[in-house]
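Only one structure is covered here, and it is reproduced in the block below.
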Number of protein chains: 2
Amino acid sequence: MAEGGAPVTMSDVARLAGVSTATVSRVVNGRYGVSASTVAHVRSAIEQLGYETSLVATSLRRSRTNVLGLVTHSFQPYTAEVLKGVMDALSQSGFDLIIYANSDLYGTYSEGWEKRHLARLSGTLTDGCIVVTPWSKLESSTPLVAVDPATDSTVPSVMADNLAGATTAVEHLLDLGHRRIGFIAGRSGLAAALSREEGYRKALTDAGVPIDTTLIGRGDFNPASAVPLARELLSRPDRPTAIFAASDGMALKVVEVAKDLGLSVPGDLSVVGFDNILESALADPGLTTIDQSMYRLGHEAGRMLKSLVCGNWRGPRHIVLPTRLVVRGSTTAPRL
Amino acid sequence: MAEGGAPVTMSDVARLAGVSTATVSRVVNGRYGVSASTVAHVRSAIEQLGYETSLVATSLRRSRTNVLGLVTHSFQPYTAEVLKGVMDALSQSGFDLIIYANSDLYGTYSEGWEKRHLARLSGTLTDGCIVVTPWSKLESSTPLVAVDPATDSTVPSVMADNLAGATTAVEHLLDLGHRRIGFIAGRSGLAAALSREEGYRKALTDAGVPIDTTLIGRGDFNPASAVPLARELLSRPDRPTAIFAASDGMALKVVEVAKDLGLSVPGDLSVVGFDNILESALADPGLTTIDQSMYRLGHEAGRMLKSLVCGNWRGPRHIVLPTRLVVRGSTTAPRL
DNA sequence: GCTGCAAACGTAACCGATAACGATTGCAAC
DNA sequence: GTTGCAATCGTTATCGGTTACGTTTGCAGC
């Protein structure tokens with residue numbers, strides 16, 4: 001009966017077992033004060049009708065639901081990685097996870113989306129939420145953890161050490177002997193983009209290399225945005241010998257453009273990215289990049305939220321995870 | 001106030017606006033019968049308190065929630081593709097999507113999981129559900145659509161034409177001149193695995209090539225399961241000149257094993273997969289495969305469920321989507 | 001036989017929102 | 001002035017499950 005009638009409710013069970021719904025509730029929740037024979041009757045009635053408690057009704061009555069939420073506005077590949085991390089962190093914890101996705105604004109993103117849906121879930125359906133969004137100013141009556149949040153986030157958060165990662169990336173190029181290093185930035189206004197640019201500047205400054213702002217292009221993390229920027233940088237007579245892009249997606253586009261222009265990578269141009277997405281490992285040549293494990297971000301966020309909900313979180317409100325330089329074929333020493 | 005107190009309810013709004021909750025409800029739902037000035041008052045109170053309707057309370061009271069569910073036991077990459085398809089199908093439809101993921105059994109899958117959670121959601125929280133699971137025997141009081149279901153599914157479903165796809169794959173190898181073609185099967189008991197094996201046998205039979213059962217290895221769709229099978233097949237003195245694997249994940253492992261054994265692909269061995277996952281396009285050599293767009297499966301499932309919920313579905317109960325042969329570098333004519 | 005106590009179970013209020021219904025008011029038509 | 005209709009808004013039952021509280025029952029102790 002895939003298209004059966006009304007769902008089985010607790011009162012259906014109570015009627016069949018000849019008891020009140022209160023007793024059924026006590027049996028379902030394993031509470032004290034029900035005789036063994038009554039428990040047996042009720043259980044048999046539950047079995048017979050195929051009864052399952054309604055998440056909605058329970059949520060409404062109880063303050064705790066043992067369900068955590070995850071709210072995100074889009075479903076990029078990295079979101080899936082975060083998700084896996086969260087699920088592993090919640091594994092065997094007794095918490096289930098609900099991911100709420102809105103259809104109306106998919107693609108045409110508008111700020112405030114998460115806020116609305118957070119309010120619709122928290123306090124009722126979920127005991128707490130993980131928010132994967134670059135925007136901030138979130139509030140909720142239940143605990144919140146933001147993954148990769150905006151700069152001014154007051155909400156507990158988990159993010160990668162973008163500053164150190166970017167610094168390491170550029171230091172790698174400097175160590176190889178590069179001095180003219182271009183940079184393709186991410187969308188301004190995002191914490192990650194800012195820190196990565198700061199890391200670029202810091203590494204150069206620390207090495208005593210003056211910063212040439214004409215070597216900096218403003219992308220927006222969208223791979224396509226890197227194409228015209230790379231084309232411009234690489235068409236210059238005094239083109240850079242290396243380019244650091246604030247994301248792997250943009251970095252891979254840089255490689256593409258370089259090849260189009262007849263430049264070899266890494267022979268004529270070294271390229272470093274940031275993120276370590278799957279394509280980077282499989283690309284030819286492999287892309288040297290900074291690994292920020294989205295899986296780990298999700299895992300930490302899950303761990304943190306779980307503890308926050310249980311009221312036993314003792315760690316810092318903001319977690320910063322280390323990054324790792326992954327050297328592949330896209331970088332080498334510059335030609336003399 | 002990220003950690004505020006109790007959530008704002010409708011009666012809070014009603015109190016502040018000096019009206020009853022009924023009036024607030026009418027304003028929220030844009031119903032007729034409220035004076036313009038009252039509407040203004042209520043709206044201002046809503047704004048002031050930051051009120052949002054509770055999904056839970058609405059679900060309990062109403063029969064319709066405009067929320068659809070998606071239940072899956074694990075989060076593979078292909079699940080994410082399905083998800084994207086579903087979300088696009090639901091875009092601008094007024095339906096939101098909830099994905100329910102259980103933590104306790106993540107990894108240690110047990111049958112019946114979906115059934116329990118379907119019961120907890122349907123009839124209350126969701127107006128209908130998409131189920132991504134190889135198991136069947138599902139029931140629900142609201143419409144259901146299964147993606148890639150088991151053989152005996154009575155539930156409306158969407159799946160790829162596995163039989164035709166597999167037949168095409170093997171025909172491609174036959175056309176190239178191969179006659180000794182190995183096969184690595186998927187987990188038995190799954191509809192997809194069965195149909196793909198049937199396609200393998202059909203193509204050979206149609207071509208008048210006798211079936212050598214010693215060339216068939218039983219994997220389980222898990223890439224790792226293909227390793228020992230490939231090793232055995234390729235260590236034989238009369239090793240096959242081509243191998244068709246029931247999934248890309250397994251096919252890529254076959255290529256790895258072949259290389260380990262000093263065989264070149266496609267020189268010494270042609271390999272065909274099934275699925276067309278991202279890695280297949282990026283692998284070296286590119287993997288010839290059968291494209292079954294998980295995105296499209298999800299998209300069709302979303303469209304179907306939406307119509308089923310609205311009661312205006314006129315199509316067939318079971319949708320079978322065509323597949324497409326994608327020829328890449330991993331296949332060529334056998335050496336003489 | 002009466003009291004005391006605890007186990008066992010039912011009753012009813014409650015969670016937040018909705019909708020059927022009833023009550024009130026305003027306004028126009030006769 | 002009265003009637004009728006429609007607009008407006010409050011009251012209340014209701015959804016399914018939980019829980020504080022009250023009632024009944026059984027049994028031991030005096």
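Convention: sequence-line order gives letters A, B, ...; per-chain numbering from 1.
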**OP:** Using a strict cut-off of less than 4.0 Å between a Lys/Arg side-chain nitrogen and an Asp/Glu carboxylate oxygen, indicate whether B/Glu300 and B/Arg303 qualify as a salt bridge.
**Re:**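 Judged by the 4.0 Å cut-off on N to carboxylate O distance, B/Glu300 and B/Arg303 do form a salt bridge.
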
**OP:** Give the first and the last nucleotide of DNA chain D, reading 5' to 3', that has any atom under 4.0 Å from a heavy atom of chain B.
**Re:**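 The footprint of chain B covers D/dA7 to D/dG16.
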
**OP:** Encode nucleotides 13-19 of chain C as B, S and - characters from 5' to 3', where the letter depends on protein heavy atoms closer than 4.0 Å: B to the base, S only to sugar-phosphate, - to neither.
**Re:** -BBBBBB

Of all residues at least two apart in sequence or in a different chain, which pass the side-chain contact (heavy atoms from CB on, under 4.5 Å) check with [X]?
| X | answer |
| --- | --- |
| B/Ser293 | B/Asp291, B/Tyr295, B/Arg296 |
| B/Leu55 | A/Tyr100, A/Arg120, A/Leu121, A/Leu125, B/Ser59, B/Val67, B/Ile98, B/Leu125 |
| B/Arg61 | none |
| A/Ala160 | A/Asn162, A/Gln292, A/Thr323 |

Subject >> With sequence neighbours excluded, residues passing side-chain hydrogen bond (donor to acceptor under 3.5 Å, both in side chains) with A/Tyr51 >> reply: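 With sequence neighbours excluded, A/Tyr51 shows a side-chain hydrogen bond (donor to acceptor under 3.5 Å, both in side chains) to no residue whatsoever.
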
**OP:** Check side-chain hydrogen bond (donor to acceptor under 3.5 Å, both in side chains) between B/Thr21 and all other residues, then give those that pass, not counting sequence neighbours.
**Re:**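 Once residues adjacent in sequence are excluded, B/Thr21 has no partner under the side-chain hydrogen bond (donor to acceptor under 3.5 Å, both in side chains) criterion.
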
Original post:
Under a 4.0 Å heavy-atom cut-off, which of residues 33-49 of chain A touch DNA chain C?
Top reply: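 When residues 33-49 of chain A is checked for heavy atoms under 4.0 Å from DNA chain C, the hits, listed by number, are A/Gly33, A/Val34, A/Ser35, A/Thr38.
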
Subject >> Angle between terminal axes - the helix from C/dG1-D/dC30 to C/dC30-D/dG1, 5 pairs each end, rounded to 10° >> reply: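 Terminal axis comparison yields 60°.
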
**OP:** With sequence neighbours excluded, give me every salt bridge (Lys or Arg N to Asp or Glu O under 4.0 Å) pair touching residues 11-23 of chain B.
**Re:**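 Listed by first then second residue: B/Asp12-B/Arg15.
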
Original post:
Can you check side-chain contact (heavy atoms from CB on, under 4.5 Å) on A/Val145 and A/Ile319, steps first, answer last?
Top reply: CA-CA 10 Å; A/Val145 174; A/Ile319 294 179; over 6 Å; no

Original post:
Ignoring hydrogens and geometry, is there a side-chain-to-backbone donor-acceptor pair from B/Asp148 to B/Met159 under 3.5 Å?
Top reply: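 Between the backbone of B/Met159 and the side chain of B/Asp148 there is no qualifying donor-acceptor contact (under 3.5 Å).
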
**OP:** Any side-chain hydrogen bond (donor to acceptor under 3.5 Å, both in side chains) involving residues 304-316 of chain B? Give me the pairs, sequence neighbours left out, ordered by first then second residue.
**Re:**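 Passing the test, one end in residues 304-316 of chain B: no pairs.
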
**OP:** Applying side-chain contact (heavy atoms from CB on, under 4.5 Å), run through A/His299 and A/Leu321 and close with a yes or a no.
**Re:** CA-CA 11 Å; A/His299 199 272; A/Leu321 293 178; over 6 Å; no

